[in-house]
Every structure is written in structure tokens, then in C-alpha cells.
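Every chain is numbered from 1 and lettered A, B, ... according to where its sequence line falls, protein lines coming before strand lines.
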2 protein chains.
Amino acid sequence: MRIGELSERSGTPVPTIKYYLREGLLPRGERTGPNQASYGEGHLHRLRLVRALTDVGGLPIATTREILARVDSPDPPITHELLGHAMHVLPPATKGVATAEEEDHGRVRALFERRGWHVHPQSRAAADLAEVVATYRRAGRPLDDEALDGYAATMEQAARVDLDVIGRVTGTDEILESAVVYSVLGDTLMAVLRRLAQADESARRAGVVPGD
Amino acid sequence: MRIGELSERSGTPVPTIKYYLREGLLPRGERTGPNQASYGEGHLHRLRLVRALTDVGGLPIATTREILARVDSPDPPITHELLGHAMHVLPPATKGVATAEEEDHGRVRALFERRGWHVHPQSRAAADLAEVVATYRRAGRPLDDEALDGYAATMEQAARVDLDVIGRVTGTDEILESAVVYSVLGDTLMAVLRRLAQADESARRAGVVPGD
DNA sequence: CCGTAATGGATAGTGGAAGTATCCAAAAAG
DNA sequence: CTTTTTGGATACTTCCACTATCCATTACGG
């Protein structure tokens with residue numbers, strides 16, 4: 001197909017597709033003449049993936065390009081760590097603006113200890129967590145250990161659902177892509193479901209009989 | 001205090017504080033002369049709140065202003081629905097770019113039914129959820145009912161932790177602000193904890209003995 | 001007391017991100 | 001055989017979140 005059909009079928013304007021081609025988010029089509037190229041179903045799939053990650057996942061274009069490059073790279077992730085590897089592909093959850101104090105890092109290490117989490121305390125994710133903990137504190141709403149444990153336990157459950165869902169995907173080369181999709185869109189999904197669950201729980205506690 | 005100290009104590013550059021004053025995110029200080037004004041601890045608190053919501057919560061300036069305006073407004077939220085009300089103050093979780101089909105809305109209604117959620121299917125949050133469900137589908141990774149239920153159950157648990165934490169806050173006028181902080185920063189916290197829990201769960205399933 | 005620095009407030013400018021618009025000669029379509 | 005579309009390059013636009021500059025005052029340090 002040519003770019004017009006790609007645009008039609010994906011709902012993306014032609015100039016935007018050209019922009020993604022320039023930026024390397026979408027591979028060029030196969031050249032068939034001086035001003036002709038042909039795109040396949042793979043291009044359409046990739047384009048839909050880009051829109052999902054950027055529009056709903058909220059990823060910047062530059063981050064999306066890096067993630068896709070790693071998803072495409074044929075270097076062999078050891079099967080045994082394929083899923084753990086997929087996590088490395090993911091974008092950082094924070095912008096790294098606030099800086100955490102030793103106090104916050106200590107609380108993060110203690111949390112890992114309590115939950116038996118197998119995570120290197122120097123990892124990027126651990127630093128992100130300390131940053132978020134520090135932000136709660138500075139905003140005047142510190143998180144106590146009970147709350148932190150409660151949220152951690154909740155996310156353990158979410159992670160089990162994630163891995164179950166990803167585990168259902170067959171095809172080694174599809175696993176990495178699906179891990180990215182489920183993880184990135186998962187953040188947005190969690191946020192939306194959490195708002196709904198909050199509203200419901202709030203009504204429930206206010207004494208509104210469910211199903212009323 | 002004057003603007004220099006406010007800047008010092010909050011870690012925010014003076015020009016940025018002036019920008020927030022212009023944009024109405026921070027109330028003006030009390031005028032004490034033609035070019036002098038004095039700020040109090042309340043201003044410092046508000047400034048830290050703004051930085052928490054924008055830097056770590058990722059909210060745009062305009063959204064932050066609207067939220068703060070509602071937090072400030074003294075119109076009486078009925079105690080019985082104060083927490084549910086707080087949810088209305090919150091920003092939408094999606095940008096409303098993708099459009100869901102009837103199929104997606106149907107799945108959302110069915111989910112509400114299965115979980116006994118007390119939510120109006122025409123609400124903004126329900127539309128957001130349908131949009132996210134549609135995005136998974138278009139990205140070629142549809143969510144089945146089992147996964148959706150699993151995530152919903154997880155977020156019910158998160159919401160219970162949220163309401164427990166918010167419930168510990170005393171002082172009626174503080175509750176709305178804390179509900180906003182916990183909800184907004186909670187999204188980021190969930191995302192970070194989920195990455196960590198995913199990595200741990202992934203290692204666990206790969207046969208790495210925990211605590212090894 | 002006096003020179004330097006900081007202040008409140010207004011107005012203008014910057015830099016990055018994500019597209020849009022325009023142009024072109026060469027196909028393609030009706 | 002005229003009109004539209006195409007691939008590709010280059011230039012332009014819009015929005016956002018700040019920064020910089022300016023100015024007539026205070027405030028501060030020696």
C-alpha cells in the first residue's frame with residue numbers, strides 16, 4: 001500500500017506519518033520508483049503501536065524511538081531473563097527532577113527488605129522510588145511504612161497479572177513488544193481503574209449500599 | 001519572608017515563582033510597600049505542593065491551577081461525599097485522543113457489572129477506560145476479561161489503601177488537598193512500584209530463588 | 001550614609017516538542 | 001491528458017514552561 005492508505009487505515013494524517021518516517025519511528029517503505037514506495041501490514045501495525053504508546057501511554061517521541069529500536073534489535077535476550085530484560089527497555093517513570101535524601105533511600109531499602117524484593121538498591125527504579133517518597137514528604141503528606149507496604153503489596157498483585165498476560169503471548173519475538181505494550185499502557189490503565197475504584201470505595205464507605 | 005527566601009527554601013528559582021504568581025498558582029504576598037510584599041509559611045507549602053504535582057505528578061500548569069482553585073474554594077462539599085467529590089477535582093487520566101467503539105463501551109459496562117462498581121457508565125472515567133481498552137485492542141494486544149478483572153481487583157485494593165491513608169488525615173479542609181496529593185502522586189508511585197514488582201516477579205518466575 | 005544587591009511587577013524572549021505546510025519532479029488515477 | 005497523489009526535503013507553526021530584561025523602589029553591608 002502507499003502512504004495514503006496507511007493514513008486512512010491508521011487514522012493518522014499523512015504529514016504526521018512523514019514526520020514519524022523522518023524521526024525513525026517507522027521504517028521507510030520499499031522503494032519502487034523515484035517517488036514511490038510500498039508499505040505493508042507491518043508498517044500499519046507499527047504505526048498503530050506508535051500512536052498507542054504516544055497518545056495513550058503518553059511517551060515522548062524520542063523515548064518511543066529508543067524503545068522501538070530495542071524491541072527491533074535482534075540481539076538475543078536470554079530466555080531466562082527475557083521478561084526482566086523487557087523492563088530495561090521501559091522508560092523511567094519520573095523525570096528525575098526532585099532529589100531524594102538519604103532518609104528516603106533508607107526507607108526504600110527497608111521496603112525492599114520487608115517485601116523480599118530482589119532489586120538492586122542502586123538501580124534506576126529504586127532511585128525513582130526514593131524520589132517519589134521524597135516528594136510525598138516535601139508536599140507535607142509523608143507516606144508511612146504501612147501505606148508503602150500496602151501499595152507495594154498491591155503492585156505485586158498487578159505484576160502477577162502482568163506476567164500472566166504477557167506469558168500468554170506465544171512467539172519469542174512478540175514477547176518483547178507485548179511486554180512493552182502491556183507495561184506502558186498498563187500505567188494508564190491502572191490510573192483510570194484506580195480513579196474508578198476510588199469512587200466506588202468512597203461511596204461504599206459513605207454507607208451507600210452497593211447495587212443500590 | 002520575601003521572594004528570595006521563598007526561592008531558597010523551596011528550591012525554586014525566583015523567576016519561576018514570579019511565573020507561578022502571574023499564572024495564579026500561588027497567591028500574591030501581602031503588600032507592604034510599592035515594591036515589597038511578604039509571604040508566609042502557607043505560600044511555601046503551596047509552592048512545594050505545586051512542584052510536587054507538576055514535577056512528579058506530571059500535571060500541566062493549567063490543570064494544576066484548576067485543581068488548586070477547587071481545593072481552595074470554600075463551597076461546602078457534603079461530608080458524606082467529600083472523598084467522592086475529591087475525585088471530581090482530579091485531572092482526566094487520558095488526553096481523549098483515541099475514540100472507543102461500542103464494543104469497548106460494552107466491555108466496560110460488563111466489567112462494572114461483574115465487580116459491582118457503583119459508577120455511572122456515562123461518566124468521564126468510564127469513557128477514559130473504554131478509550132484505554134480500545135487502545136490495547138488497536139495495538140494488537142487486546143485485554144481479555146480475565147486480565148481486566150485481575151487489574152480491576154488490584155485497583156480495588158489500591159483504592160482501599162488510598163482511602164485508609166486519606167482517612168487518617170484530620171481537619172476537614174485538609175482532606176481535599178490530601179486526597180489530591182495522594183491521588184496524583186499515587187499514579188506515579190504505582191507506576192514505579194509496578195516496575196519494581198514486575199522485575200521481582202519476573203526473576204522469581206525465572207527460577208531465581210528469592211533472597212538468593 | 002552610600003553604593004550594591006534584591007524586590008515586585010510588567011513585558012518580552014527562549015528552547016524544546018510535536019507536528020503542519022510548502023515545494024518539487026515523478027508517478028498514478030480517472 | 002489533466003488532476004491527484006506520492007516520496008522526500010526544508011521551512012514554518014503552535015503550545016508550553018520557563019527565563020531574561022527592565023524599572024523604580026526598598027533593603028543591606030561596611
Side-chain angles (χ1 to χ4, degrees), chain A residues 1-40 43-44 46-47 49-68 91-92 94-98, chain B residues 1-40 43-44 47 49-68 91 94-98:
Chain A
M1 77 187 93
R2 292 183 318 170
I3 206 170
E5 189 178 346
L6 200 54
S7 166
E8 190 90 1
R9 291 224 267 156
S10 68
T12 307
V14 171
T16 302
I17 296 177
K18 288 186 174 183
Y19 168 63
Y20 291 159
L21 289 169
R22 280 201 301 282
E23 292 295 313
L25 295 178
L26 195 61
R28 299 267 176 201
E30 199 190 335
R31 292 293 296 275
T32 63
N35 68 334
Q36 293 292 300
S38 116
Y39 305 90
H43 287 92
L44 182 58
R46 166 57 57 98
L47 185 49
L49 177 59
V50 168
R51 306 278 344 187
L53 296 180
T54 57
D55 285 354
V56 175
L59 297 188
I61 294 298
T63 307
T64 306
R65 177 181 40 234
E66 280 165 40
I67 289 177
L68 293 178
T94 69
K95 280 180 272 172
V97 186
Chain B
M1 79 186 92
R2 293 181 316 167
I3 206 170
E5 190 179 344
L6 201 53
S7 166
E8 190 90 2
R9 292 224 267 155
S10 68
T12 306
V14 171
T16 303
I17 297 177
K18 288 187 173 182
Y19 167 65
Y20 291 157
L21 289 169
R22 281 200 302 280
E23 292 295 311
L25 295 178
L26 194 62
R28 298 269 176 201
E30 199 189 335
R31 291 292 297 274
T32 64
N35 67 334
Q36 294 292 302
S38 115
Y39 305 90
H43 287 92
L44 182 58
L47 185 49
L49 177 60
V50 167
R51 305 280 342 189
L53 296 181
T54 56
D55 285 355
V56 175
L59 297 188
I61 295 298
T63 306
T64 305
R65 176 180 42 233
E66 280 165 41
I67 289 178
L68 293 177
T94 68
K95 280 180 273 173
V97 187

Does D:dT26 have OP1 or OP2 under 4.0 Å away from a side-chain N or O of B:Arg2?
no
Under 4.0 Å between a side-chain N or O of A:Thr16 and OP1 or OP2 of C:dT20?
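For C:dT20, OP1 or OP2 has a side-chain N or O of A:Thr16 closer than 4.0 Å.
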Could you say whether B:Pro34 or B:Ala62 is positioned toward the 5' end of DNA chain D, judged by the nucleotide with the nearest heavy atom to each?
B:Ala62
Atom [atom1] of [X] and atom [atom2] of [N]: how far apart are they, to the nearest Å?
X	N	atom1	atom2	value
B:Met1	C:dA6	CE	P	18 Å
A:Arg28	D:dT6	CZ	C1'	13 Å
B:Asn35	D:dC23	CG	P	15 Å
A:Leu59	C:dA18	CG	C1'	14 Å
A:Ile3	C:dA26	CD1	C1'	16 Å
B:Tyr19	C:dG9	OH	P	18 Å
B:Leu25	D:dA17	CG	P	10 Å
B:Tyr20	C:dA10	OH	P	19 Å

Non-hydrogen side-chain atoms of A:Tyr39 and A:Ile17 separated by less than 4.5 Å:
no
Would you indicate whether the side-chain heavy atoms of B:Tyr20 and B:Ile61 approach each other to under 4.5 Å?
yes
Taking the minimum atom-to-atom distance to the side chain of A:Ile61, which one of C:dA18, D:dG7, D:dC18 wins?
C:dA18
For the side chain of A:Lys18, counting heavy atoms from C-beta on, which of D:dG8, C:dG8, D:dT6 is nearest?
D:dG8
Does a distance-only test, which skips hydrogens and angles, find a donor-acceptor pair under 3.5 Å between the side chain of B:Arg22 and the base of D:dT19?
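Check passes, donor-acceptor contact within cut-off.
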Backbone of A:Pro27 reached by a side-chain donor or acceptor of A:Arg46 within 3.5 Å
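Side chain of A:Arg46 to backbone of A:Pro27, a donor-acceptor pair under 3.5 Å: no, none is there.
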Donor-acceptor pair, side chain of A:Ser7 and main chain of A:Thr12, under 3.5 angstrom
yes
What contact category does B:Pro15 fall into here, base, sugar-phosphate, or nothing, at under 4.0 angstrom with non-hydrogen atoms?
base
Which part of the nucleic acid, if any, lies within contact of B:Gly33, taking any heavy atom under 4.0 Å across all strands shown: a base, the sugar-phosphate backbone alone, or nothing?
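The answer is nothing, as B:Gly33 stays clear of every strand by at least 4.0 Å.
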Say you draw a straight line from CG of A:Leu21 to OG1 of A:Thr16; how long is it, rounded to the nearest 0.5 Å?
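The CG atom of A:Leu21 sits 11.0 Å away from the OG1 atom of A:Thr16.
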